[in-house]
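As the structure is a prediction and not an experimental result, all values here were calculated from the model. Note on naming: letters A, B, ... go to the chains in the order of the sequence lines (proteins, then strands), and numbering restarts at 1 for each one.
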There are 2 protein chains.
Amino acid sequence: MLRLSKKADYALIAMRHLAGAAADSSVSAREIAESYGIPAELLAKVLQRLVRSRLLVSVQGTRGGYRLAGDARLLTVADVIQAIDGPVAVTACSPDDHGCEQYDRCEIRDPLWKIKSRIVDALATVSLAELAEPAPAPGTPVAVPMYVRGAAPAPPQVVE
Amino acid sequence: MLRLSKKADYALIAMRHLAGAAADSSVSAREIAESYGIPAELLAKVLQRLVRSRLLVSVQGTRGGYRLAGDARLLTVADVIQAIDGPVAVTACSPDDHGCEQYDRCEIRDPLWKIKSRIVDALATVSLAELAEPAPAPGTPVAVPMYVRGAAPAPPQVVE
DNA sequence: CCTTAATCCGACTTGCCGAGTCGGACATCG
DNA sequence: CGATGTCCGACTCGGCAAGTCGGATTAAGG
């Protein structure tokens, strides 16, 4: 298992599609959905959540659609997954959050959190540009995940 | 998300407990369950599956219980997780298995599988001995996951 | 040798979260 | 100003994990 949700799959497909599109053009949710055989309404819901996470910008109206919020080389798959499925957490409880029932008796929490850090690193080192181009040209800037740069102004609402 | 199942959590807790116990003593499922506040019957089911995966050995009878099948320094958390939740798979379909619906149109499958490899590497580099002792003594042998060593004699039954 | 007690083992039932769907609000174009 | 096509939030349904129960097996004690 350890499989990521289908919504995250759809989100990555859509983001990759947008990364390959023209920078100033807006592509509608229906267009993406029909291109990949994804339920249109479900994909729309996914894209909405990406907008609320400041990864996409939406333009309404007849010729509306979605557009990437930033440079494809700076957006990572870790950003996308965390926007959809919430913060990555291997364990039910964090080292700081005592929400877990058997908190004091649990001894595997701390080592597992080190593993979690390595997983998010693995996710953060792959940018959307690398997704679009499996063979990256030399000299491409190194991807830095958004939550490290602090560029996002602390999204106040809970993503869920 | 990306959280591993509760059964895997219980499995890791139990395996760590067994790694800290005496090598030749058998500890019962009920004993472990009561030590950590885990539903006894559920933990028993988890341990059964670990036995079928050749990670534990069970001794029945009045003073029965479970015992580790091998050296704690050679068993990794990747072995435990794969025994419980099945093989780790980030995507629904593998590069070889065409079971996915939008197989040909999907372009994110291959890069995601590279990420998957890095995740299993992160899981495989942590042994049960390291779980028990957060500060390992120098000179401890490097953990090599079981599925690489080929030590397991090809468990015939499907784990699920 | 038989009884007893404790364990392991497989199949079943239930609750919950994700997958998918529907109607409303908005902005743009003719 | 009307119509069209888009984005947006709330609702319903199914599948799978979490948890539970009785039966089979084994070893110890009298």
*Asks:* Respond yes when some side-chain nitrogen or oxygen of B:Tyr10 is under 4.0 Å from OP1 or OP2 of D:dA17, and no when none is.
*Replies:*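 Looking at the OP1 and OP2 atoms of D:dA17, neither is under 4.0 Å from any side-chain N or O of B:Tyr10.
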
*Asks:* Please answer: with hydrophobic residues joined when any side-chain heavy atoms are less than 4.5 Å apart, are B:Val59 and B:Val51 in the same cluster?
*Replies:*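 Cluster IDs for B:Val59 and B:Val51 differ.
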
*Asks:* Rounding to an integer number of Å, can you tell me how far B:Leu43 CG sits from D:dA18 C1'?
*Replies:*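 For the pair B:Leu43 CG and D:dA18 C1', the rounded distance is 13 Å.
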
*Asks:* B:Arg3 has an atom CZ; how far is it from atom P of C:dC16, in whole Å?
*Replies:*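 Rounded to the whole Å, the gap is 14 Å.
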
*Asks:* Between atom CZ in A:Arg49 and atom P in D:dG9, what is the gap in whole Å?
*Replies:*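 Distance check: A:Arg49 CZ to D:dG9 P gives 11 Å.
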
*Asks:* Check every atom of D:dG19, C:dA19, D:dT6 against the side chain of A:Lys7 and return the nucleotide holding the closest atom.
*Replies:*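 Selected nucleotide (nearest to the side chain): C:dA19.
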
*Asks:* Mind checking what makes side chain to side chain donor-acceptor pair (under 3.5 Å) contact with B:Ser5, not counting sequence neighbours?
*Replies:*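 Here the qualifying residues are B:Asp85.
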
*Asks:* Tell me whether the OP1 or OP2 atom of D:dC8 has a side-chain N or O from A:Ser58 closer than 4.0 Å.
*Replies:*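 For A:Ser58, the contact criterion (side-chain N or O under 4.0 Å from OP1 or OP2 of D:dC8) is met.
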
*Asks:* One character per nucleotide, please: for nucleotides 22-30 of chain D, 5' to 3', B when the base has a protein heavy atom closer than 4.0 Å, S when only the sugar-phosphate does, - otherwise.
*Replies:* ---BBBS--

*Asks:* If only side-chain N and O atoms of B:Arg30 are considered, is one of them under 4.0 Å from the OP1 or OP2 phosphate oxygen of C:dT7?
*Replies:*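 Yes, such a contact exists.
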
*Asks:* If you only use heavy atoms from C-beta on, which nucleotide in D:dG9, C:dC9, C:dT21 is closest to the side chain of A:Gln48?
*Replies:*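 Given the options D:dG9, C:dC9, C:dT21, the side chain of A:Gln48 is closest to D:dG9.
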
*Asks:* Under 3.5 Å, is there any donor-acceptor pair linking the side chain of A:Lys45 to the base of C:dG20?
*Replies:*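 In this structure, the two groups form a donor-acceptor pair.
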
